[in-house]
Each structure stands twice: as C-alpha cells, then as structure tokens.
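Keep in mind that what you see is a predicted model, and the values were worked out from it rather than measured.
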Amino acid sequence: MAGGEQRSLGDFDYVIVGAGSAGCLLANRLSADADQRVLLLEAGGKDSYFWIHVPIGYLYTQNNPRTDWCFKTEPEAGLNGRALAYPRGRVLGGCSSINGMIYMRGQARDYDLWRQLGNTGWGWEDVLPSFTRAEDFYRGADALHGAGGEWRVEGLRLSWEILDAFRDAAAEVGIPKIDDFNRGDNEGCGYFHVNQKRGVRWNTAKAFLRPVMKRPNLTVLTHAQALRVRFDGRRATGVELRDRAGAAGVTARREVILAGGAIGSPQLLQLSGVGPGALLQEQGVPLVHELKGVGDNLQDHLQIRLAFKVAGTRTMNERANSLLGRLGMGLEYFLFRRGPLTMAPSQLGAFARSDAARDTPDLEYHVQPLSLEKFGDPLHPFPAFTASVCNLRPESRGSVRIRSPDPVAAPAIKPNYLSTARDRKVAAEAIRLTRRICAAPALSRFAPEEFKPGPQLTSDEELARAAGDIGTTIFHPVGTARMGRDDMAVVDERLRVHGIAGLRVVDASIMPIITSGNTNAPTMMIAEKAADMIREDRHG
C-alpha cells in the first residue's frame with residue numbers, strides 16, 4: 001500500500017485506531033470539543049448482530065469472524081503443546097461486544113504498584129475518579145461508585161442453588177461473603193456486577209458512540225483496517241488504511257492514538273517500523289524507531305477449569321440439553337429479560353490467597369452452573385458445575401510478534417503460560433484450595449464429584465501438568481506496550497510513545513503489570529484518564 005496512489009480521507013486533529021472499549025470512550029471525550037475533528041477507525045463492522053446484545057450471545061460472537069479476529073496462540077509448552085483460540089473483538093465496541101460483561105476494577109494495590117514503578121499519577125486514588133466518572137451504578141453513587149454516567153453496571157438477573165451453596169462453602173473455608181468487588185479490596189466471595197441494562201449487553205458503542213454520532217466533528221469508519229502509521233521523521237502524521245473502496249490515507253494534525261488492544265496495537269507499531277530492530281529487519285519492515293519492548297511483556301490470566309458432577313440440584317446442563325428447557329429459557333428472556341440467557345459466562349466470583357503469606361488475594365474464581373469439554377462444545381448431559389480459578393499475578397511473560405510485513409497476517413501470539421516454577425506452584429495450590437471448598441459441609445448435600453482434572457492427581461508436578469491440560473485463557477491479555485521509564489518501556493506516564501511525537505497508545509497494552517481481576521473496566525479507566533491528558537496537553 002505504501003506505493004501507488006491513495007485516496008485521501010482528509011485531515012483530522014485526532015485519528016483513533018480501534019473502536020473498542022478504549023476507542024469508543026476516547027472518541028466521545030475528544031469530540032466533545034467542537035473545534036477538534038476526530039476520526040475513529042474500526043476494522044470490523046457495526047454492532048448490529050443480534051447475538052452481541054443477548055448476554056449469552058458470547059457463545060456465538062467469539063470465534064465468529066463477523067465479530068472476532070479469531071486469533072490463535074502458538075502451541076504452548078506450559079499447556080502441554082496445546083494452542084488456544086484467542087478471541088479479540090472486531091466490531092464496534094471491540095471486546096466489550098463479545099466479552100463476559102464483568103465489571104471489575106482490580107485491587108487498589110495494583111495501581112499503587114504502577115505508581116511505585118515510576119508512573120506518576122497512576123495510583124489508586126489517582127485513577128478512582130476515572131473509574132467513577134462514566135459509571136452508572138445500579139445502587140446509586142457513593143464515595144467509590146458513580147451514577148448517571150454512560151457505563152451501566154447492574155446486578156445479575158438469575159440465581160442458581162449450586163452457586164449459593166458454593167458461596168456458603170467458600171465462607172466455611174475462610175473466604176468471606178461480600179457484595180461488591182470494586183471497592184479497592186476484592187477479597188471474598190460474591191456475585192459479579194455486569195455491564196448490562198435490563199438484561200441486555202451494554203457495550204461501549206451503545207454507551208459512548210451512539211449518543212454522539214451526530215456530532216459534525218466526529219467521523220466513524222467501519223470496515224477500515226489500519227495498515228501502518230505514517231511518519232515525518234519521528235513524528236506520526238497519519239494512518240494508511242484499507243476500506244471497502246481500497247487503499248486510503250488520512251492525516252492527523254495533532255495525534256494518532258492507537259487503541260487496538262494488547263494484540264492490535266503492538267502489531268501496528270511493528271508494521272509501522274516502531275519496535276525491536278532485529279524483528280523488523282527479519283520481517284522486511286523499514287525501521288523508523290527502535291523500541292525493544294514493543295510486543296514484549298504479554299501477560300494474561302490462565303483459568304484452570306475444575307469440574308464437578310453433582311446430584312440433587314439442577315444446573316444449566318440439563319436445561320440446555322432439553323428442548324423444553326431451551327424453549328423455557330427463550331420465553332423467560334424475551335418476555336421478562338431474565339433467566340439463563342442473561343448470564344455472563346460466570347456469575348459467582350471469589351478472590352482468595354493461594355498462600356496465607358500473601359498480602360492480598362492472588363487467585364480469582366469464576367464459578368459456573370454448567371460444564372463442557374471445551375469452549376464451543378455442547379454442555380455435558382449430567383448435572384455439574386465448573387469452578388475456574390486463575391493466578392491473578394502470573395510471573396510468566398510472553399510476546400506478540402508480526403510474522404510478515406503483511407498487515408492482514410495474524411501475529412504470532414506466545415503467552416508462555418506456566419513457564420515459571422512459581423506459576424506452576426500457584427496452579428497446584430489453586431487446585432487444592434478448590435478441592436477444600438468443594439469438600440466443605442455446605443456443598444455436601446449435592447455430593448460433588450471431581451471429574452476434571454480428577455482426584456487421583458495430588459503432587460505439585462501432577463497438578464501443574466493437569467493445569468496445562470485443562471487451563472485456558474480468560475481473555476485478559478495486557479502489557480505489550482507497557483508504560484514506564486526503562487529501556488523496555490514503550491510509553492511514558494502520559495501514554496506517549498517514547499521517542500515519537502504525536503503518537504500515543506491507549507488500551508490494555510500499556511499496563512506495566514496485569515490488574516488483579518478482569519481487565520475491561522481498567523481499560524476504560526485508562527481511556528478516560530488518557531482523554532484528560534490529551535486535552536490538557538493540547539491546552540498546555
């Protein structure tokens with residue numbers, strides 16, 4: 001595309017690449033200044049697909065090229081040679097259109113650690129206003145929650161006896177019952193809050209784009225894939241892209257802002273000549289500016305999916321495998337917006353410690369009243385539940401690397417799960433803690449019987465290998481354009497790319513260390529905070 005004639009799509013003050021969780025919010029905030037022209041580019045289409053809006057529709061939006069990039073990891077040694085599907089949103093709303101809808105900020109400790117690493121202005125007290133500003137919390141505002149904002153946060157609209165019993169059992173082994181994970185200390189067990197509005201998914205396209213689409217200074221282009229960032233020396237000046245009419249270019253008078261996520265943003269930087277020099281030379285990409293850390297520091301939460309057969313209670317397995325059950329679920333949803341079709345992938349959560357010596361919880365549970373062999377498979381024909389548990393603070397670090405100079409080619413994604421001794425030890429302890437919960441008196445009347453990975457596995461080595469067999473991503477990749485001041489950092493504390501003028505990264509890739517929980521809400525906080533900084537820098 002670099003050679004030959006390109007159509008010009010004109011000049012804008014800000015060009016935002018990626019209309020996902022960060023990009024939609026940024027477009028809203030930056031276009032609030034009527035004298036600033038904003039262009040938002042999205043490689044996918046509009047969020048008009050029916051299954052985006054029905055909460056359980058994530059079953060049909062993930063691994064669907066209409067809404068998902070359909071990436072895969074490389075085969076992983078820590079997963080005993082398995083490769084995983086790696087869903088990333090490719091539609092207006094991005095991952096907020098296909099994710100689990102869980103609203104989770106993480107722990108105050110996470111952000112205080114970012115600040116201690118030298119990232120001024122990113123401590124818990126600094127970021128809290130950026131969480132609450134857009135929030136519309138169903139219980140109303142208080143010191144830690146906002147109300148009346150664009151981002152709706154609600155409680156669940158269904159209940160399951162087996163989940164209530166798991167919560168009771170967790171309390172019996174020392175994990176207390178709580179009703180809000182988003183107050184800075186999330187230790188305990190409770191039901192997740194979700195980004196829904198009266199039983200319908202609430203994505204960032206609905207929240208932030210639709211209300212402002214008629215602003216004359218905001219342009220949103222779908223089916224427009226960014227190919228590379230344009231530079232004049234070491235200043236970003238625009239973006240080359242391909243839309244339905246072919247190759248085109250656009251000029252950014254002030255800034256190009258990458259909001260493509262932890263996979264898309266480092267990929268585009270590398271394609272544009274910003275990244276590790278040896279990699280770019282190997283792939284035939286002319287070097288614009290060497291930044292060794294671009295695509296490095298990939299972190300993700302690996303969930304270990306323990307499954308237990310039960311008796312004396314109903315689970316989703318029986319309802320989904322019965323024609324009458326499926327009809328009933330459909331009617332309950334379409335008449336009342338309640339029932340299993342409103343389900344997030346997980347309803348009950350818990351935060352616990354793999355070791356009593358930990359200062360704060362380092363494990364997160366996602367508990368589901370169902371079981372299946374792997375995502376996308378039918379549910380098992382017997383009653384069961386799944387207790388997924390992940391290490392919130394993995395030591396393992398992976399990478400995202402382009403495979404060729406072709407912008408359409410998927411990058412090589414290598415999370416390197418379970419690649420450290422400590423991560424394998426935490427995995428073994430997580431399985432043991434789950435077994436203790438399931439052996440507690442509160443669950444005994446349902447006679448839980450472990451069938452994944454199997455009670456015969458007991459040693460650290462056996463359990464770590466089992467974790468590799470049953471572990472899968474929980475869709476939280478971060479860190480691949482991390483914020484910091486050392487020679488492996490990609491952006492500074494104002495999210496400006498080191499050594500390049502007019503270029504920022506605003507998405508989960510800037511996290512220096514992964515947050516202790518689900519990553520969608522922190523990504524939106526990053527965008528809210530970035531919008532303030534961008535406007536400040538313009539006026540400064």
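Between the side chains of Thr360 and Gln107, a donor-acceptor pair is found at a separation under 3.5 Å. In summary, the side chains of His289 and Arg234 do present a donor paired with an acceptor at a separation below 3.5 Å, with no hydrogens or angles considered. Between the side chains of Asn99 and Arg88, no donor-acceptor pair is found at a separation under 3.5 Å. Side-chain contact annotation: Asp423 with Ser396, donor-acceptor N/O pair under 3.5 Å present. Counted by atom type alone, Thr67 and Thr61 present zero donor-acceptor pairs between their side chains at under 3.5 Å. Using modelled atom types and a 3.5 Å distance limit, the side chains of Gln62 and Asn64 yield no donor-acceptor pair. Between Asn217 and Arg37, the side chains place no donor N or O within less than 3.5 Å of an acceptor N or O (distance only, hydrogens not considered). Side-chain contact, Asp110 with Ser516: a donor N or O sits under 3.5 Å from an acceptor N or O. Between the side chains of Thr480 and Ser509, no donor-acceptor pair is found at a separation under 3.5 Å. If you check the side chains of Thr237 and Arg230, you find no donor sitting under 3.5 Å from an acceptor. At a cut-off of 3.5 Å, with distance as the only test, no side-chain donor of Asp47 or Ser97 sits close to an acceptor on the other residue. In this model, a donor atom of one side chain and an acceptor atom of the other lie less than 3.5 Å apart for Tyr103 and Arg105. In this structure, a donor-acceptor pair under 3.5 Å is present between the side chains of Tyr86 and Asp300.
Aromatic ring centres of His301 and Phe475 lie farther apart than the 6.0 Å criterion allows.
Between Tyr111 and Trp114, the ring planes are perpendicular. Angles over 60° get that label, and only those under 30° would be called parallel.
Between Asp180 and Arg183 a salt bridge is recorded (basic side-chain N to carboxylate O distance below 4.0 Å). A salt bridge does not link Arg82 to Glu76: none of the charged nitrogens lies less than 4.0 Å from a carboxylate oxygen. In summary, Arg115 and Asp126 engage in a salt bridge, as defined by a charged side-chain N under 4.0 Å from a carboxylate O. Under a 4.0 Å N-O distance rule, the pair Asp68/Arg90 does not qualify as a salt bridge. Under 4.0 Å is where a charged nitrogen must lie from a carboxylate oxygen, and between Lys529 and Asp532 no such pair does. Using a 4.0 Å cut-off between charged side-chain N and carboxylate O, Arg401 and Glu282 make no salt bridge. Between Asp537 and Arg494 there is a salt bridge, since at least one side-chain N of the basic residue sits less than 4.0 Å from a carboxylate O of the acidic one. The pair Asp33-Arg535 meets the salt-bridge criterion, with a side-chain N (NZ, NE, NH1 or NH2) lying under 4.0 Å from an Asp/Glu carboxylate O. A salt bridge links Asp136 with Arg152; the closest basic N to acidic carboxylate O contact falls under 4.0 Å.
Every residue two or more places apart in sequence or in another chain that forms a side chain to side chain donor-acceptor pair (under 3.5 Å) with Arg254 is listed here: Gln36. Glu528 pairs by the salt bridge (Lys or Arg N to Asp or Glu O under 4.0 Å) definition with Arg29, Arg133, not counting sequence neighbours. Applying the salt bridge (Lys or Arg N to Asp or Glu O under 4.0 Å) test to Asp243 and every residue at least two apart in sequence or in another chain returns Arg7.
Put simply, the side chain of Thr73 gets close to the backbone of Leu84: a donor and an acceptor are under 3.5 Å apart. When atom types are taken as modelled, the side chain of Glu42 and the backbone of Gly44 share a donor-acceptor pair closer than 3.5 angstrom.
The ring-ring contact (aromatic ring centres under 6.0 Å, His included) test with His193 singles out one residue from Trp151, Phe181, Tyr138, and that residue is Tyr138.
Proximity of Thr473 to Gln303: side-chain heavy atoms (C-beta onward) are nowhere separated by under 4.5 Å.
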